[in-house]
J.: 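Structure below; questions to follow.
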Amino acid sequence: MVSSTPSPSGSRTSARTPRTADPAPGTARPRTGPRPRKTAGPERRAELLATAAETFAEQGYNATTVRTIADRAGLLAGSLYYHFDSKEAMADEILSAFLDDLWAGYGRIEEAALPPRETFENLVAESFTQLERHRPAVVLYQKEARHLAAHARFGYLTDAQQRFRALWTGTLERGVADGSFRPDLDVPVAYRFVRDTVWVAAVWFRPQGRLTAPQIARHYSAMVLDGIGSHPSPAGPEQDPR
């Protein structure tokens, strides 16, 4: 900027406002405004959620602290809050992702409108597919859903349980009605058996194990639908003549 100021002799001289020197080549200019806030990349966020899910599954929700998750992730506890506002937020994202994927798969099966037995087999297969994909989340759901559902943030867990019951009992009832399943089947008992035996597999299933999730699903459906006996004689087991 150039300004004119009178000289002692009455003539006007030019005075220049001092100018900040340009930075040397290759040197970044200093910031003049507030530093922009960084956002967590999707990969890093997914890594942190995976660490939190494994920790919840191993230690339980109540026993897990933000510090524990941060330690396992190689962060300071305060740094984890930069990514998530609370432990509840992490659990919410973990469970929501699992249920969204599960219901997307179940929805495709419902839309196919297959006979009851095939629907049952497909529901089992989809359950094991999601168990393989979300194993820690399934363990968290199994252990903590009832406790967490008491909080408004997790009210959707109660809805999920009701939808799950309606879908599976409806499939069993259709099977009884069309003769696919035995007429004396106690549907509520069968539902609880199926629900518990499918999802408890999250405790022992490992993706690197001897059988894949689809293989286990086929074995499971065969045992439930066909039994584990080797076609016993209609007369029953032979009696010891002694």
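Values below: every heavy atom of this structure, side chains too, minus hydrogens, waters and symmetry copies. Just so we're clear, the structure is a prediction, and the values are computed from it rather than from any experiment.
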J.: Taking 4.0 angstrom as the limit, do Arg44 and Glu47 come out as a salt bridge?
T.: yes
J.: Treating Ile, Leu, Val, Met, Phe, Trp and Tyr as nodes and any side-chain heavy-atom pair under 4.5 angstrom as an edge, say whether Tyr156 and Ile94 lie in one connected cluster.
T.: yes
J.: Hey, any chance Val176 and Leu225 share a hydrophobic cluster, counting ILVMFWY side chains that come within less than 4.5 Å of each other, even indirectly?
T.: yes
J.: Using the rule that Ile, Leu, Val, Met, Phe, Trp and Tyr join whenever any side-chain heavy atoms are under 4.5 Å apart, tell me whether Val198 and Phe193 fall into a single cluster.
T.: yes
J.: Once side chain to side chain donor-acceptor pair (under 3.5 Å) is applied, what residue pairs with a partner in residues 194-211 remain, sequence neighbours excluded?
T.: Thr197-Tyr220
J.: Might you work through the side chain to side chain contact (heavy atoms under 4.5 Å, CB included) test for Leu131 and Ile216, ending with a clear yes or no?
T.: CA-CA 11 Å; Leu131 187 153; Ile216 294 173; over 6 Å; no
J.: Where do Leu172 and Phe120 land on the side chain to side chain contact (heavy atoms under 4.5 Å, CB included) test, with the steps shown first?
T.: CA-CA 8 Å; Leu172 295 170; Phe120 181 94; 4.2 Å; yes
J.: For Ala73 and Thr51, which heavy atoms make the closest approach, and how far apart are they?
T.: N-CG2, 4.1 Å
J.: Looking at every non-hydrogen atom in both residues, tell me the closest pair between Val66 and Ala77 and how far apart they are.
T.: CG1-O, 4.0 Å
J.: For a side chain to side chain contact (heavy atoms under 4.5 Å, CB included) check, start with the C-alpha distance between Glu144 and Leu95, then their side-chain angles and the critical distance, and finish with the verdict.
T.: CA-CA 10 Å; Glu144 310 288 355; Leu95 292 171; over 6 Å; no
J.: Specify the closest pair of heavy atoms between His83 and Ser79, including all atoms of both residues, with the distance to one decimal.
T.: CD2-O, 3.4 Å
J.: Strictly by salt bridge (charged side-chain N to carboxylate O under 4.0 Å, His left out), give each pair with a member in residues 74-99 just once, sequence neighbours left out.
T.: Arg45-Glu93, Asp92-Arg153
J.: Rounded to the nearest 0.5 Å, what separation is found between the OG atom of Ser180 and the CZ atom of Arg117?
T.: 8.0 Å
J.: In Å, rounded to the nearest 0.5 Å, how long is the span from CG of Leu123 to CD of Glu110?
T.: 8.0 Å
J.: Could you walk me through whether Ile109 and Leu114 pass the side chain to side chain contact (heavy atoms under 4.5 Å, CB included) check?
T.: CA-CA 8 Å; Ile109 295 169; Leu114 297 170; 5.6 Å; no
J.: Provide the closest heavy-atom pair for Ala217 versus Val124 in the form atom of the first, atom of the second, distance.
T.: O-CG1, 3.7 Å
J.: Using a 3.5 Å cut-off and no angle test, enumerate the donor-acceptor pairs between side-chain atoms of residues 98-107 and protein atoms at least two apart in sequence or in another chain.
T.:
| residue | atom | partner | partner atom | Å |
| --- | --- | --- | --- | --- |
| Asp101 | OD2 | His134 | NE2 | 2.8 |
| Tyr106 | OH | Ser127 | OG | 2.6 |

J.: Report the distance from atom OH of Tyr141 to atom CZ of Arg146, rounding to the nearest 0.5 Å.
T.: 10.5 Å
J.: Hydrophobic clustering (ILVMFWY, side-chain heavy atoms < 4.5 Å, transitive) - are Val194 and Val138 grouped together?
T.: yes
J.: What is the distance from atom CD of Gln130 to atom CD of Glu126, rounded to the nearest 0.5 Å?
T.: 4.5 Å
J.: Hey, does the side chain of Gln215 reach the backbone of Thr212 with a donor-acceptor pair shorter than 3.5 angstrom?
T.: yes
J.: Taking the side chain as everything from C-beta on, heavy atoms only, tell me whether Val187 gets closer than 4.5 Å to Phe181.
T.: no
J.: I'd like to know if Phe56 and Val203 are part of one continuous hydrophobic network [Ile/Leu/Val/Met/Phe/Trp/Tyr, side-chain heavy atoms within less than 4.5 Å].
T.: no
J.: Name the atoms and distances for all side-chain donor-acceptor pairs under 3.5 Å in residues 159-167, with sequence neighbours left out.
T.:
none

J.: Give every residue pair that meets the side chain to side chain donor-acceptor pair (under 3.5 Å) criterion with at least one member in residues 181-190, sequence neighbours excluded.
T.: Arg182-Asp184
J.: Quick check: closest heavy atoms across Met90 and Ile69, and the distance to 0.1 Å?
T.: CE-CD1, 3.9 Å
J.: Which residue pairs pass the salt bridge (charged side-chain N to carboxylate O under 4.0 Å, His left out) test when at least one of the two sits in residues 49-75, sequence neighbours left out?
T.: Glu54-Arg135, Glu58-Arg72
J.: Please report the closest heavy-atom contact between Leu211 and Phe205, naming both atoms and the distance.
T.: O-CE1, 4.0 Å
J.: Could you state the interatomic distance from CG (Asn62) to CG (Leu148), rounded to the nearest 0.5 Å?
T.: 8.0 Å
